[in-house]
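The structure presented is a predicted model; accordingly, all values stated were derived computationally and were not measured. Because only heavy atoms are used, hydrogens play no part in the values below, and waters and symmetry mates are left out as well, while side chains stay in.
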Amino acid sequence: MFKEYQTAKELVGPLMLVDQVTDVKYYELVEIRLSNGEVRRGRVLEANGDQALVQLFEGSSGINLKESKIRFLGKSIEVGVSPDILGRVFDGMGRPRDNGAPIIPEKSLDINGAPINPYARDYPSEFIQTGISAIDGLNTLVRGQKLPIFSASGLPHSQLAAQIARQAKVLGSSQKFAVVFGAMGITFEEADYFISDFRTTGAIERAVLFMNLANDPAIERISTPRMALTVAEYLAYDLDMHVLVILTDMTNYAEALREISVARKEVPGRRGYPGYLYTDLATIYERAGRIKGRKGSITQIPILTMPEDDKTHPIPDLTGYITEGQIILSRELYRKGVMPPIDVLPSLSRLKDKGIGKGKTREDHADTMNQLFAAYARGKEAKDLAVILGEAALSDIDKKFAHFADEFERRYVSQGENEDRSITETLELGWELLSLIPRSELKRIRDEYIEKYLPKQKEA
């Protein structure tokens, strides 16, 4: 039986100070029983001598300090797991949100996870097909990678996330593929969109969803990504599945972290975020990867909205340091009607070279990727020049590259929300577009690949 305390001393925002406690541990789970019988939960943020600072998950409104009874449960937050979690929707604390029966767990796991020995990590090297050309062809996602999407307010990152979750697959593998989706601080409409999209397309059968809504306690946002990643680790390392974890929106997570930091009266860092923001984000992002001797893997796509469209803001800035590249959505492309509005030039997948080529995608992938990048960059420069000097100032070659840039955005980057392109279709589309420019300009592709793949009837 756990000892009960009635020694709550102070309440500030989501934090409660409890006096005269013994044997309390960091991150230990806490139950607070109110005078009306309601039970709220929290966890220990700090233990100092006989005092404990408790972070409340459901907020502090209506709590009478003198009449509240506090119990320390001797364990941290855990999530119960079993194969039955696939196809289910939970809230940010792991409680069923889909009106289904509670999970009967095979075991309970600490949501903070266990640190992975860096020596035990295996290098990411297998291609994951998302069905989206701008990612598969130019910024390839590799199994075990963490590749964030940098978006901005009003851009269709929710639709992109749902499309990736529906379409993602590991080619040529007999192992099962699962998606774990963690949403933090989203609106009811967004949550309804994700859930209905997963159900109508059948993707829910291989997915686990954790939904923390905007009107849920902000503090729950701290546990949501950790719940999702703990379930992903179970699916990957116990059930030998390839798992794709999509986390949206990491900006809402960081805001919740800042709220707690302010309540604790900590010295703020950049833009008021806590100085340990980098370390905290790393505890989430670094849970992606492959482990030697294990068949399963965790690939992670965190999504964040950049405040004021600023790439130098602490959240995208620190995320870029920890992760292996970024996919950037462009407001300019969105205004042009390009969907998804992926800006391929500043986007980057640092591991793309490891997941492409013969036996993985196709032998010509690396060459065509480099040529498409170069041609699009030159086409954009030609279009910028035409804005300043007029189209008459462009050479015939520049006009062809400018036309290529327009067609590239219209046909390659832009694709339907339900259009699932195979990597072969993406590569063939790239060759079709490259046939718009003179063969003499294809300087980044080996001659044998040009002979083999360039559409003969369209050669310039």
Side-chain angles (χ1 to χ4, degrees), residues 13-15 40-43 45 55-61 77 79 89-98 111 148-162 164-165 179-198 207-232 245-264 271-274 277 280-281 283-285 300-310 313-319 329:
L15 303 180
R40 298 192 190 177
R41 295 192 296 174
R43 65 174 179 177
L45 272 188
Q55 169 192 317
L56 304 172
F57 292 126
E58 290 93 354
S60 57
S61 61
I77 305 171
V79 58
V89 183
F90 302 93
D91 68 8
M93 291 299 294
R95 297 172 292 232
R97 195 184 271 277
D98 55 6
I111 68 165
I149 294 173
F150 288 4
S151 183
S153 179
L155 295 185
H157 47 270
S158 296
Q159 289 88 330
L160 180 59
I164 293 171
V179 174
V180 177
F181 194 92
M184 294 152 277
I186 63 171
T187 63
F188 177 81
E189 287 78 14
E190 284 179 295
D192 187 58
Y193 166 78
F194 285 126
I195 294 169
S196 60
D197 185 86
F198 273 72
V208 187
L209 279 67
F210 290 88
M211 297 286 179
N212 168 261
L213 302 186
N215 63 342
D216 288 337
I219 309 307
E220 273 189 23
R221 271 158 228 164
I222 305 297
S223 66
T224 304
R226 292 178 171 83
M227 285 271 175
L229 285 161
T230 303
V231 166
V245 180
I246 300 176
L247 301 173
T248 180
D249 177 341
M250 291 304 296
T251 300
N252 292 334
Y253 171 85
E255 297 288 352
L257 207 63
R258 180 165 67 175
E259 185 179 315
I260 297 165
S261 177
V262 169
R264 293 176 70 176
R271 304 272 186 110
Y273 291 94
L277 179 63
D280 194 277
L281 290 173
T283 63
I284 294 174
Y285 298 146
Q300 200 179 117
I301 299 182
I303 299 173
L304 58 91
T305 49
M306 298 179 288
E308 302 164 10
D309 295 15
D310 181 10
H313 186 278
I315 305 169
D317 188 34
L318 297 177
T319 295
L329 302 191

### Query
Below 4.5 Å, heavy atoms only, C-beta onward: do Met93 and Asn212 meet side chain to side chain?
no
### Task
Supply the atom-to-atom distance Ile303 CD1 to Ser158 OG, rounded to the nearest 0.5 angstrom.
7.5 Å
### Query
So do the side chains of Met184 and Met250 get within less than 4.5 Å of each other, counting heavy atoms only?
yes
#### Entry: Contact check, side chains of Ile195 and Met211, non-hydrogen atoms, under 4.5 Å
yes
### Closest contact, heavy atoms only, Asp309 versus Ala152
OD1-CB, 3.1 Å
### Task
State, with a plain yes or no, whether a side-chain heavy atom of Thr283 is found less than 4.5 Å away from one of Arg226.
yes
### Query
Quick one: does Leu257's side chain get under 4.5 Å of Tyr273's, heavy atoms only?
no
### Query
So how far is it from Ser153 OG to Leu155 CG, rounded to the nearest 0.5 Å?
8.0 Å
#### Entry: Residue pair Gly92 / Ser223: nearest heavy atoms and the distance that separates them
O-OG, 3.0 Å
### Task
Using side-chain contact (heavy atoms from CB on, under 4.5 Å) as the criterion, list what pairs up with Thr319, not counting sequence neighbours.
Pro148, Phe150, Leu281, Tyr285, Leu304, Ile315, Thr323
## Note on the structure
With sequence neighbours left out, the residues meeting ring-ring contact (aromatic ring centres under 6.0 Å, His included) with Phe194 are Phe181
### Intermediate values then yes/no, side chain to side chain contact (heavy atoms under 4.5 Å, CB included), Ile149 and Thr248
CA-CA 9 Å; Ile149 294 173; Thr248 180; over 6 Å; no
### Query
Are the side chain of Ser196 and the backbone of Asp192 linked by a donor-acceptor contact shorter than 3.5 Å?
yes
#### Entry: Rounded distance [0.5 Å steps], CG in Asp91 versus OG1 in Thr224
8.0 Å
### Message
A side-chain contact here means heavy atoms from C-beta on lying under 4.5 Å apart; do Ile246 and Ile164 qualify?
### Response
yes
### Task
Take Glu308 and His313 through the test side chain to side chain contact (heavy atoms under 4.5 Å, CB included) and record every step on the way to the result.
CA-CA 9 Å; Glu308 302 164 10; His313 186 278; over 6 Å; no
#### Entry: Any donor-acceptor N or O pair under 3.5 Å, side chains Arg221, Asn252
no
### Message
Determine whether a donor-acceptor pair (N or O, by modelled atom type, separation under 3.5 Å) exists between the side chain of Thr251 and the backbone of Thr305.
### Response
yes
### Query
Would you call Leu229 and Val245 a side-chain contact if the rule is heavy atoms closer than 4.5 Å?
yes
### Summary
Taking every heavy atom of Gly182 against every heavy atom of Ala228, the minimum-distance pair comes out as CA-CB, 4.4 Å
### Backbone N/O of Val89 and side chain of Asp98: donor-acceptor pair under 3.5 Å
yes
### Shortest non-hydrogen contact from Ile222 toward Pro225
O-CD, 3.8 Å
### Task
Could you tell me the separation between the CD atom of Gln55 and the CZ atom of Arg41, rounded to the nearest 0.5 Å?
12.5 Å
### Query
Can you pull the salt bridge (charged side-chain N to carboxylate O under 4.0 Å, His left out) pairs that have at least one residue in residues 247-260, sequence neighbours excluded?
Glu255-Arg258
#### Entry: Min side-chain heavy-atom separation Leu56-Arg43 under 4.5 Å
no
### Task
Evaluate side chain to side chain contact (heavy atoms under 4.5 Å, CB included) for Ile301 paired with Leu247, printing each intermediate quantity in order.
CA-CA 6 Å; Ile301 299 182; Leu247 301 173; over 6 Å; no
### Query
Is a donor on one side and an acceptor on the other found under 3.5 Å between the side chain of Thr230 and the backbone of Ile111?
yes
### Query
Quick one: CG on Leu213 to OG1 on Thr187, what's the gap to the nearest 0.5 Å?
8.0 Å
## Note on the structure
Closest non-hydrogen contact found for Pro274 with Ser261 is CB-OG, 3.6 Å
### Message
Any carboxylate oxygen within less than 4.0 angstrom of a Lys/Arg side-chain nitrogen, looking at Asp216 and Arg97?
### Response
yes
